[in-house]
**Student:** 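Handing you this structure, nothing more for now.
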Amino acid sequence: MVEDAVPGAGGEGQSWPAAASGFWRQVVEQLSTAVMVVDPAGRILAVNQAAERLLGRATRAIRGKDAHELLHRDRNGGALLREQCPLLRALAEGAATRGEGDSYVRGDGRLVTISWSASPLTDGDSFKGMAVLFTEITGDRSTRRERAAYTSALEDLNERLTLVAEITDVLGQTLETDDALARLGHLLVPRLADWAAVDLRTGSGQVHRVAVTGPAGRDAGLEGGRERLPETGEADRSPLVRVLHGGDPVLQNGRTEAETAAPPGSPVAAVHSDFLRTVHATSAITVPLGAKRQITGALTLVRTDPTHPFDAADLEVVSDIGRRVGLVIDNARRFGRQRAVAEAMQRNLLAPLPQPGRMRLAARYQPAPAGSQVGGDWYDAFALKDGTLALVIGDVVGHDLTAAAGMAQLHGILRALAWDHTGPPGAVVDRLDDAMPAITTVPMATLVLARVEGHPHTGPWTLRWTSAGHPPPLLLTPGGHARYLEAGQGLVLGAPQGTGARRPNATHPLPPGSTLLLYTDGLIEIPGSDLDTGLDRLRRHALALAHAPLDTLCDQLLARMPPGSTDDVALLAVRLPAR
């Protein structure tokens, strides 16, 4: 957990979560209610000035001490068994709890009877301890009411801070705008609001209501039919329009104010006003997404219970959430633009396939579902000078634009080296390996280079290939047989080779009507699954699809991949004519 020092009474700093420090300094330091933070083992991490006064102990004297052993006593001042301590039980369960009438011992030995409340402190999924609020019990009813009000305020504050931390953590796990908005709605409704709406600005000067979340989840019927409305001028006094044009966050309380804020003649304001009226809003907050220099859109939260309106503290929390969400959406949009450019570049680098004679070829490239969405996987098929069909499948190390650029370099060099070479493929790959460090930026790569030898119309056909550390080709033959061609394996490109070492070559007949599959490891490597399982899965699916048209075979092999893949995939299929 990132921490920040907050001054204490004794001149020393207590450690509080950095995300909460602004609220903490403003509220906790001025609070007359004692606050103590303990770690999961019950050791004291920090106390505020009110706690020091109530306990008669300086921070330096209690920090790091076991709270139960140091403070908790029975009514007679004797030691209390740890099994009887409700705070320790709450720590073990990580659950909020409270108590009334417990006895704490002060530094001067005097017992004080306290009322206390403890709330869990978390950082993502990690439990960090408890914040314990406690006051001395007196017979004064007004003091009790004051204590209850302070306790309730601090509990609300802790809930808001926890919500902000959760939103920051959850939204940081995705770079997809729609996924981010779905997660945001799930976090805000019903914990903070009854309804949530998100409007985004488009690059063409329009506003698009992209998400509305209510008690039953996402409500597409209130999203304005996905229509994009023209932005109105700053003279429009609708809270939504004002916020979209850089105005301050807006708090509206009272059904009349919330429903009639939009003036007539404003499409954006009319949609917003209709939304507030439809959900029976009695209190609403509208805040910008992002900062004033870069406003991505607006977030509107609605409550429908007139006895529970939003207040100024809610406005501050929602404004903070809006700034964070705006940053996430801006990053997602940048990522989307980069992904589109990168994927287009990758696809344009993959050459169109020839169709020699009666042989048929099909290929697919599928970008990775996460990360930069582009990588170094590629396929190629081209006719050599002597008319022989060359096949290539390869994978450059990395999953970014650098890997894609390296793929393009290898792609061009390999074509040039192979075009007029009539010898075995291993000799071509040896030359590529020698040239790679001098004329490319590729540190390491795998590939299969193969020749389909034989008359393109009548055959017979033979596959001659070499593999530089790449997964083996899969051959499907008539009669329902499938085998991996595991011969011809050599070291990956870029790995040190022994002096005078030459890459191995292998040959295998290709029966009429057979299908050859070349693929990259993204098709067989799934997190949580071993390579043998992936190879067996591919063999089963390929056999089941062996008689399907070649395009269907490729599409279905990709569609039947289990979820969880983090790699891009290249797939090249060749089908030989039947007699």
**Student:** Only one of T213, L276, T278, V212 clears side chain to side chain contact (heavy atoms under 4.5 Å, CB included) with W195; which?
**Tutor:**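 For W195, the side chain to side chain contact (heavy atoms under 4.5 Å, CB included) test succeeds with only one of T213, L276, T278, V212, which is V212.
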
**Student:** Return the set of residues passing side chain to side chain contact (heavy atoms under 4.5 Å, CB included) with A51 (not counting sequence neighbours), or none when no residue passes.
**Tutor:**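 A51 satisfies side chain to side chain contact (heavy atoms under 4.5 Å, CB included) with A34, V47, N48, F134 only.
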
**Student:** Can you tell me if H272 and R209 form a side-chain donor-acceptor pair at under 3.5 Å?
**Tutor:**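 A donor-acceptor contact under 3.5 Å links the two side chains.
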
**Student:** Any donor-acceptor pair under 3.5 Å linking the side chain of S273 with the backbone of A269?
**Tutor:**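 Judged by distance alone, no pair lies under 3.5 Å.
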
**Student:** Compute whether any side-chain donor of one residue and acceptor of the other, for T304 and D194, lie under 3.5 angstrom apart.
**Tutor:**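 Checked: T304/D194 side chains pair up, N/O donor to acceptor below 3.5 Å.
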
**Student:** Checking side chain to side chain donor-acceptor pair (under 3.5 Å) between S115 and each of R98, E100, E136, which is the one that passes?
**Tutor:**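 Checked R98, E100, E136 against S115; only one passes side chain to side chain donor-acceptor pair (under 3.5 Å): E100.
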
**Student:** Can any side-chain N or O of D102 pair as donor or acceptor with the backbone N or O of I114 at less than 3.5 Å?
**Tutor:**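 A pair under 3.5 Å: no.
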
**Student:** Considering residues at least two apart in sequence or located in another chain, which fulfil the side chain to side chain contact (heavy atoms under 4.5 Å, CB included) criterion with T441?
**Tutor:**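 T441: side chain to side chain contact (heavy atoms under 4.5 Å, CB included) contacts with Q409.
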
**Student:** What distance separates L301 CG from L192 CG, expressed to the nearest 0.5 Å?
**Tutor:**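 The CG atom of L301 sits 5.5 Å away from the CG atom of L192.
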
**Student:** Does R57 have any side chain to side chain donor-acceptor pair (under 3.5 Å) partners at least two apart in sequence or in another chain, and if so, which?
**Tutor:**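 Side chain to side chain donor-acceptor pair (under 3.5 Å) list for R57, sorted by chain: empty.
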
**Student:** Locate the shortest heavy-atom distance separating Y379 from A570; write the atom from each residue and the value.
**Tutor:**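 Of all heavy-atom pairs spanning Y379 and A570, the closest is CD2-CB, 4.3 Å.
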
**Student:** With a 4.5 Å heavy-atom cut-off, do F310 and L315 have their side chains touching?
**Tutor:**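 Not in contact.
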
**Student:** What pair of heavy atoms forms the shortest contact from L251 to S283, and how long is it?
**Tutor:**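 Scanning both residues, the minimum pair turns out to be CD1-OG, 4.4 Å.
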
**Student:** Quick check on side chain to side chain contact (heavy atoms under 4.5 Å, CB included): which of D66, L121, L91 does V38 satisfy it with?
**Tutor:**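 Between V38 and the candidates, side chain to side chain contact (heavy atoms under 4.5 Å, CB included) is satisfied uniquely by L91.
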
**Student:** Taking the side chain as every heavy atom from C-beta outward, state whether L523 and D521 have any pair of such atoms under 4.5 Å apart.
**Tutor:**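 A side-chain contact is absent here, since even the closest heavy-atom pair is not under 4.5 Å.
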
**Student:** Do the charged groups of D39 and K128 touch, with an N to O distance under 4.0 Å?
**Tutor:**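 Salt bridge between D39 and K128, a charged N being under 4.0 Å from a carboxylate O: no.
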
**Student:** Checking the side chain of D320 only, and the main-chain atoms of V317 only, is there a donor and an acceptor separated by less than 3.5 Å?
**Tutor:**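 Not at all, since once roles are kept as given, no pair shorter than 3.5 Å links the two residues.
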
**Student:** Could you list the residues that satisfy side chain to side chain contact (heavy atoms under 4.5 Å, CB included) with R89, not counting sequence neighbours?
**Tutor:**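 Once residues adjacent in sequence are excluded, the partners of R89 under the side chain to side chain contact (heavy atoms under 4.5 Å, CB included) criterion are P86.
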
**Student:** Who passes side chain to side chain contact (heavy atoms under 4.5 Å, CB included) against H308, sequence neighbours left out?
**Tutor:**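 Scan of H308 (side chain to side chain contact (heavy atoms under 4.5 Å, CB included), adjacent residues dropped) gives R303, D305.
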
**Student:** How close do G101 and I137 get, heavy atom to heavy atom, and via which atoms?
**Tutor:**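 Looking at all heavy atoms of both residues, the shortest contact is N-CD1, 3.6 Å.
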
**Student:** Can any side-chain N or O of E52 pair as donor or acceptor with the backbone N or O of T59 at less than 3.5 Å?
**Tutor:**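 Yes; at least one donor-acceptor contact below 3.5 Å.
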
**Student:** Can you tell me how far apart CD (Q556) and CG (D551) are? Round to the nearest 0.5 Å.
**Tutor:**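 Between Q556 CD and D551 CG, I get 12.0 Å after rounding to 0.5 Å.
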
**Student:** Side chain of H245, backbone of V241: donor and acceptor closer than 3.5 Å?
**Tutor:**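 Checked: pair present.
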
**Student:** Check the pair D568 / Y365 against side chain to side chain donor-acceptor pair (under 3.5 Å), numbers first and verdict last.
**Tutor:** CA-CA 8 Å; D568 50 347; Y365 172 74; 3.1 Å; yes

**Student:** Enter the distance from T33:OG1 to W116:CH2 here, rounded to the nearest 0.5 Å.
**Tutor:**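 Result: 15.5 Å between the selected atoms.
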
**Student:** Please step through side chain to side chain contact (heavy atoms under 4.5 Å, CB included) for the pair Q366 and M561, ending with a clear verdict.
**Tutor:** CA-CA 11 Å; Q366 178 172 284; M561 287 176 60; 4.1 Å; yes

**Student:** Check side chain to side chain donor-acceptor pair (under 3.5 Å) between T300 and all other residues, then give those that pass, not counting sequence neighbours.
**Tutor:**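 Checked T300 against side chain to side chain donor-acceptor pair (under 3.5 Å); matches are T286.
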
**Student:** Measure the acute angle between the ring planes of H72 and H68, then classify it against the limits of 30° and 60° as parallel, tilted or perpendicular.
**Tutor:**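 Answer is perpendicular, since the angle exceeds 60°.
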
